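These figures come from a predicted structure and were not determined experimentally. Numbers restart at 1 for each chain; the letters A, B, ... are given by sequence-line order, proteins then strands. Side chains are part of it too, since the values below use all heavy atoms of this structure and drop only hydrogens, waters and symmetry mates.
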2 protein chains.
Amino acid sequence: MSDDRTYWPDELFADLDRTGPVPLYFQVSSRLEAAIHSGAIPPGARLENEISIAGRLGLSRPTVRRAIQELVDRGLLVRRRGIGTQVVQGRVTRPVELSSLFEDLQSTGHEPGTVILAHEVVRADESLASHLGVAVGDDVVRLRRQRTTDGVPVAVLENFLPAEFADITREQLESTGLYQVLRARGVAIRIAKQKIGARRVQGDESELLGIDRGHPVLTVERVAFDNSGRVIEFGHHCYRPDMYSFETTLVAK
Amino acid sequence: MSDDRTYWPDELFADLDRTGPVPLYFQVSSRLEAAIHSGAIPPGARLENEISIAGRLGLSRPTVRRAIQELVDRGLLVRRRGIGTQVVQGRVTRPVELSSLFEDLQSTGHEPGTVILAHEVVRADESLASHLGVAVGDDVVRLRRQRTTDGVPVAVLENFLPAEFADITREQLESTGLYQVLRARGVAIRIAKQKIGARRVQGDESELLGIDRGHPVLTVERVAFDNSGRVIEFGHHCYRPDMYSFETTLVAK
DNA sequence: TCCCGCGCCATGTCCTGACAATATCACAAG
DNA sequence: CTTGTGATATTGTCAGGACATGGCGCGGGA
């Protein structure tokens, strides 16, 4: 019965910071996540029960529960009433997150590059106006960029933003991602709705992506909202399917 | 200042069932969701603060908070500290859920159909064995189906399941979706990891989907796990991109 | 030997209470 | 007129306790 043990690497949770701005449940959940990813808590292992953990860490049960819930929501742990909490078996992958392509590439260790193809102010037609929540004929910023990773073209991105963002410079866009530029201006993107589909390459996309005419591309249409629900960005992008795909982890309610 | 009011349709929450098996927070969140979808609480409206709501409903603040959190996680509400809770502006769409294509189609009011193309037991090769978590050479169930909606072909689905599901009948698969069949057997799918991509149609797919050779298809590769983390199903599917696309709502942490 | 019921255990739900952090607004000071 | 400062409102975090619910094992009875 040596495998009946429950896992809880106490030493990882020795120095919780009760004074700093980082919430306790977040400190616990991120360390727990690291322990799972590093293999310190192996797949299939059972965690100690919530009450004991709370006692061990000197926290209340709701706090521990919230930390665990965080990882359950992300598909790293599975809870069963009467049984306990287990680490999910199988490799853990990164879910589709609310981040830009630029950050995705950066975090995977590749060298992202940007070529600005268009950077202008245009008038909104009917379709654009309805997506962006502005009036027909209003000025909007149009942005078209080619993205590369390690020198290989990956995507062609076309974005539209409200006129107040007309002062974003070419240099800013070339050095970082659009979302990073927006964040630096104090605009926080909170919610995005996107539709993923596929079609053939159109127009100059085949040359920009370095693929033959008629080849398929993966497409994304995305609308992003800020805190107050205002539309910040509307874009449709196309990706080289051999260079890029979307991974998601779905968790049943 | 007639627009300074906070919204809270009290009458919708009059008859909460404290004795039944449905949790209170779930009752509150589902009615609140209905009120938002129906327009009883319009987009942009501010909700009354949590403490008052709790008092009004005779519930504690954590319970109300949990109900609201549920909708925040799904992108229907936005919370800001010091400000309050607002209904998000813009149309609300359904997120990619852990449901089968069959259920997706059914819920949108279309008439789904199934044609079984293959239903057999095969031996697992190396790639299949690693995905399904079985040994190379083990028996696995192979399933290939063509899906139609209102008579038009939409997708070709190929699934592999462990040998213990070999007794699933053709009739079961033709009348409902795979996930419904599994649920009826007491197998609950909790977590799925999927990869969305695109490629050209291959082999007989062009005829099965009713599209020309060389046309693009949207592809999904999915691995589904049950409660205990065991692999239940592995499949790769392809969809007609003009008939089907994936919609997601992303919410920043 | 097999089956059923009882009790233990772990999570699920819900409560009360408290303090912290932050955005808004009014108002006074420069 | 602008700026800083404090009061107020509202969500964020955390504690500690109580009871319900569902699995699972164990022991007793047939």
Side-chain angles (χ1 to χ4, degrees), chain A residues 1 4-8 13 16-30 45-73 77-87 186 188 190 226-228 252-253, chain B residues 1 3-8 16-30 45-73 77-87 186 188 190 226-228 252-253:
Chain A
M1 295 286 182
D4 255 10
R5 261 201 337 274
T6 57
Y7 285 74
W8 190 256
F13 300 88
L16 294 173
D17 178 16
R18 293 189 90 92
T19 63
V22 183
L24 289 170
Y25 74 88
F26 188 82
Q27 296 182 45
V28 174
S29 74
S30 42
R46 235 182 78 222
L47 258 52
E48 200 173 332
N49 75 72
E50 297 171 348
I51 314 241
S52 313
I53 294 175
R56 236 174 235 272
L57 301 185
L59 300 174
S60 70
R61 189 179 160 211
T63 303
V64 172
R65 217 176 136 65
R66 180 161 179 187
I68 291 177
Q69 188 62 46
E70 202 90 357
L71 300 187
V72 169
D73 289 341
L77 295 176
V78 172
R79 282 213 266 225
R80 276 184 293 171
R81 157 150 47 178
I83 305 296
T85 306
Q86 277 182 305
V87 178
R190 280 297 260 287
D226 74 351
N227 283 332
S228 63
K253 295 180 304 185
Chain B
M1 294 288 182
D3 229 10
D4 253 12
R5 260 201 338 273
T6 56
Y7 285 73
W8 190 257
L16 294 174
D17 178 17
R18 291 189 92 93
T19 61
V22 182
L24 288 170
Y25 73 89
F26 187 82
Q27 295 182 46
V28 173
S29 75
S30 42
R46 234 183 79 224
L47 258 53
E48 202 172 314
N49 75 71
E50 297 171 348
I51 315 239
S52 313
I53 293 174
R56 238 175 233 273
L57 301 185
L59 300 173
S60 71
R61 190 180 158 212
T63 303
V64 171
R65 221 178 132 64
R66 181 159 180 188
I68 291 176
Q69 188 62 45
E70 201 91 357
L71 300 188
V72 170
D73 289 340
L77 294 176
V78 172
R79 281 213 267 223
R80 275 183 293 172
R81 158 151 43 178
I83 305 294
T85 307
Q86 278 183 304
V87 178
R190 278 297 260 286
D226 75 350
N227 285 332
S228 63
K253 294 180 303 186

Distances under 3.5 Å only, N/O to N/O: pair up the protein atoms with those of nucleotides 3-6 of chain D.
none

Please tabulate, one pair per line, each protein N/O and nucleotide N/O from nucleotides 25-27 of chain C that are separated by under 3.5 Å, including the distance.
none

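Taking Arg56(B) as the reference, Asp10(B), Glu48(B) meet the salt bridge (Lys or Arg N to Asp or Glu O under 4.0 Å) condition, with sequence neighbours excluded. For the side-chain contact (heavy atoms from CB on, under 4.5 Å) test, residues two or more places apart in sequence or in another chain that qualify with Ile83(B) are Arg80(B). Contacts of Glu50(A) classified as salt bridge (Lys or Arg N to Asp or Glu O under 4.0 Å), with partners at least two apart in sequence or in another chain: Arg61(A), Arg65(A), Arg79(A).
Paired with Thr85(B) under the rule side chain to side chain contact (heavy atoms under 4.5 Å, CB included), one option of Val78(B), Ile53(B), Leu77(B) passes, and it is Leu77(B).
For the residue pair Ala54(A) and Val64(A), the shortest heavy atom distance occurs at CA-CG2, 3.7 Å. What you find for Asn49(B) and Ile51(B) is that their closest heavy atoms are OD1-N, 3.0 Å. Scanning all heavy atoms of the two residues, the minimum distance from Ala67(B) to Ser29(B) falls at O-CB, 3.4 Å. Considering every non-hydrogen atom in both Ala45(A) and Tyr7(A), the closest pair reads CB-CD1, 3.3 Å.
In this structure, Leu47(B) and Val87(B) have side chains that are in contact, with non-hydrogen atoms separated by less than 4.5 Å.
Here the side chain of Gln27(A) pairs a donor or acceptor atom with the backbone of Val22(A) at under 3.5 angstrom.
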Mark up nucleotides 10-19 of chain C, 5' to 3', with B wherever a protein heavy atom is under 4.0 angstrom from a base atom, S wherever such an atom reaches only the sugar-phosphate, and - elsewhere. BBBBSBB-B-
